[in-house]
Visitor: 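What follows is a single structure, and I will ask about it in a moment.
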2 protein chains.
Amino acid sequence: MADVSITATSKPRAAASGQASSEAAPTAGEPYFDLIELLFFAYRDFVGDPDEVLAKLGFGRAHHRVLHFVNRNPGMKVADLLDILKITKQSLGRVLKQLIDEGYVVQKEGARDRRQRLLYVSPAGEALAMKLAALQTARISRVLAELGPGGREAARRFLAGMIEAEDRDHVLRLIARADSLVERERASARDDNP
Amino acid sequence: MADVSITATSKPRAAASGQASSEAAPTAGEPYFDLIELLFFAYRDFVGDPDEVLAKLGFGRAHHRVLHFVNRNPGMKVADLLDILKITKQSLGRVLKQLIDEGYVVQKEGARDRRQRLLYVSPAGEALAMKLAALQTARISRVLAELGPGGREAARRFLAGMIEAEDRDHVLRLIARADSLVERERASARDDNP
DNA sequence: GCCATTAGGTCAGGTATGTTGACATATTTC
DNA sequence: GAAATATGTCAACATACCTGACCTAATGGC
């Protein structure tokens, strides 16, 4: 990003302290412009790293989301994915088909319910998903190292709070369950006694 | 979001503690899946509030971004906006034209350089921009109230750290400068002695 | 066993937002 | 006067969404 020089009304002043001038809390309805804009820029760079890798494979952000959640929730149903991503079946169908055709995702018929097409990542799919997660983790790690102890918990609480109240518990459960799911998958890969 | 029940490998276990099981720090390259996913869900809900309002006006997220930055940086050049949004002139042209045609943004010829078309929000544009910012601020306010003192600064440091290092200083300057710009605009609207 | 429901897939067509590339016009700068 | 700059525009295209309609196969209630 080049310098953005506002020419019309710009006059020399205390501009550019480097750290956005802080702690003038938006008491009477003053918008939190700083956090609004930081969230915009932070999110863009956060998804930017994976985007570059994906573009080389002919994939986009939509493929990333599908691959990510399937990797995190092996054996999930198509309907679960639709629910998490909040997109339509048709939209999911297109990207899912590409991921399957190119061997990153596989479907298995449900054992109890044979209508279901349970979703799993292939070894290549897991490798890609983990590569993308590693890129994002690297960015996060750098930040948390700068923030020191408590930074992770603070970030987590802020972000969790930003989630729509109605969905928040579901999301937190999803994250917790996925953690234990992946752990269980690994255990049963080492040793067939989950 | 409905319940997402993973049927294939799911067995009863310590799932769903409500608060994602914490503080098992990703030491040896363990991805920060929790923060990755929280960022995804938080951002989606963060932009979701404005999206609803915008949809009723026939606008999309692209219009929001343009309107937001013009509101925050009155008198900015088209080139500045291209630089912030990192999109092409043609993409910007389409949404900018709509915002101008519908009276939310106005252009004025630059005084020093008459090639420039400096961008300003109209009163209607400012009202809309502030309405959208208020929605996002309401969400943020609720979170910060839950987090207690220091929450805002922690969130700001986390988000600022997530921005690409190369751009970070520019963004922080942009935010700081916009704060003082808006303040100055208001002062000169009250009293013609900036 | 019949039938409604469910899980999933697919066709057809439309919108929003982005892209490249090529030009055009006015203005400033050297 | 020529080169560079700020902006706008035309044309064509790609992606990622959407709505609506319709299909198959399997399940489950009765």
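In the text below, chain A, chain B and the rest are named by the order of the sequence lines, each starting its count at 1.
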Visitor: Got a donor-acceptor pair under 3.5 Å from the side chain of B:Arg94 to the base of C:dG18?
Guide: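 Looking at the base of C:dG18, it does pair with a donor or acceptor on the side chain of B:Arg94 (distance under 3.5 Å).
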
Visitor: Measure the distance from NZ on A:Lys86 to C1' on D:dA16 and round it to the nearest whole Å.
Guide: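 Nearest whole value for this atom pair: 18 Å.
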
Visitor: Tell whether B:Lys97 reaches the base of D:dG8 with its side chain through a donor-acceptor pair below 3.5 angstrom.
Guide: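 No.
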
Visitor: With a 3.5 Å cut-off and heavy atoms only, can you find an N or O donor on one side and an acceptor on the other between the side chain of B:Arg115 and the base of D:dT5?
Guide: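 Present.
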
Visitor: Round to a whole Å and report the spacing from CD of B:Gln107 to C1' of D:dG8.
Guide: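 After rounding, the reported distance stands at 10 Å.
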
Visitor: Does the pair B:Phe59 and B:Glu102 meet the rule for a side-chain contact (heavy atoms from CB on, under 4.5 Å), with working shown?
Guide: CA-CA 11 Å; B:Phe59 292 145; B:Glu102 305 202 25; 3.9 Å; yes

Visitor: Can you tell me the distance, in whole Å, between the CG atom of B:Leu118 and the P atom of C:dT27?
Guide: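 Checked: the CG to P distance equals 14 Å.
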
Visitor: Rounded to the nearest Å, what distance is computed from the CG atom of residue B:Leu82 to the C1' atom of nucleotide D:dG8?
Guide: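 In whole Å, D:dG8 C1' and B:Leu82 CG are 11 Å from each other.
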
Visitor: Using OP1 and OP2 only, check whether a side-chain N or O of B:His63 sits under 4.0 Å from C:dA16.
Guide: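 Result: no.
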
Visitor: A:Lys89 NZ to C:dC11 P: how many Å, rounded?
Guide: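 Nearest whole value for this atom pair: 13 Å.
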
Visitor: Could you tell me the separation between the NZ atom of B:Lys77 and the C1' atom of D:dG8, rounded to a whole number of Å?
Guide: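 It works out to 16 Å between those atoms.
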
Visitor: Judged by each residue's nearest nucleotide on DNA chain D, which is more toward the 5′ side, A:Asp113 or A:Phe59?
Guide: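 Upstream on the strand: A:Phe59.
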
Visitor: Round to the nearest Å and state the distance from A:Arg112 atom CZ to D:dA26 atom P.
Guide: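 Interatomic distance, CZ of A:Arg112 to P of D:dA26: 18 Å.
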
Visitor: Taking 4.0 angstrom as the limit, do B:Arg72 and A:Glu37 come out as a salt bridge?
Guide: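 A:Glu37 and B:Arg72: salt-bridged.
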
Visitor: What's the closest nucleotide to the side chain of B:Arg114 if the choices are C:dT28, D:dA6, C:dG8?
Guide: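 Nearest to the side chain of B:Arg114 among the choices is C:dT28.
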
Visitor: Give a yes or no on whether the ring-centroid distance for A:Phe40 and B:Tyr43 is below 6.0 angstrom.
Guide: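 Here the rings of B:Tyr43 and A:Phe40 have centres that are no less than 6.0 Å from each other.
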
Visitor: With respect to the side chain of B:Arg65, which nucleotide from C:dT17, D:dG8, C:dT28 is positioned closest?
Guide: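 Of all the options, the side chain of B:Arg65 is nearest to C:dT17.
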
Visitor: Take B:Arg117 and A:Gln98, find for each the nucleotide of DNA chain D with the closest heavy atom, and name the residue whose nucleotide sits nearer the 5' end.
Guide: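 With B:Arg117 and A:Gln98 compared, the 5'-side residue is B:Arg117.
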
Visitor: Among the nucleotides D:dA21, C:dA7, C:dT20, which one has an atom lying closest to any side-chain atom of A:Gln90?
Guide: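 Within the option list, the nearest is D:dA21.
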
Visitor: Side chain of A:Thr88 only, heavy atoms from C-beta on: which candidate in C:dG9, D:dC18, C:dG18 is closest?
Guide: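 So the nucleotide nearest the side chain must be D:dC18.
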
Visitor: Nearest of C:dG8, D:dT7, C:dT10 to any side-chain atom of A:Ala79?
Guide: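 Looking only at heavy atoms from C-beta outward on A:Ala79, the closest nucleotide is C:dG8.
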
Visitor: So, do B:His68 and A:Phe33 sit near enough that their side-chain heavy atoms are less than 4.5 Å apart?
Guide: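 B:His68 reaches A:Phe33 side chain to side chain.
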
Visitor: Write down the distance between CG (A:Leu99) and P (C:dG9), rounded to a whole number of angstrom.
Guide: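 Whole-Å distance recorded here is 13 Å.
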
Visitor: Tell me whether B:Arg139 is salt-bridged to A:Glu164, with the criterion being a basic N under 4.0 Å from an acidic carboxylate O.
Guide: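 Yes, this pair counts.
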
Visitor: May I ask you to say what B:Gly60 touches in the nucleic acid, namely base, sugar-phosphate or nothing, with a heavy-atom cut-off under 4.0 Å?
Guide: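 Since only primed, P, OP1 and OP2 atoms lie under 4.0 Å of B:Gly60, the category is sugar-phosphate.
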
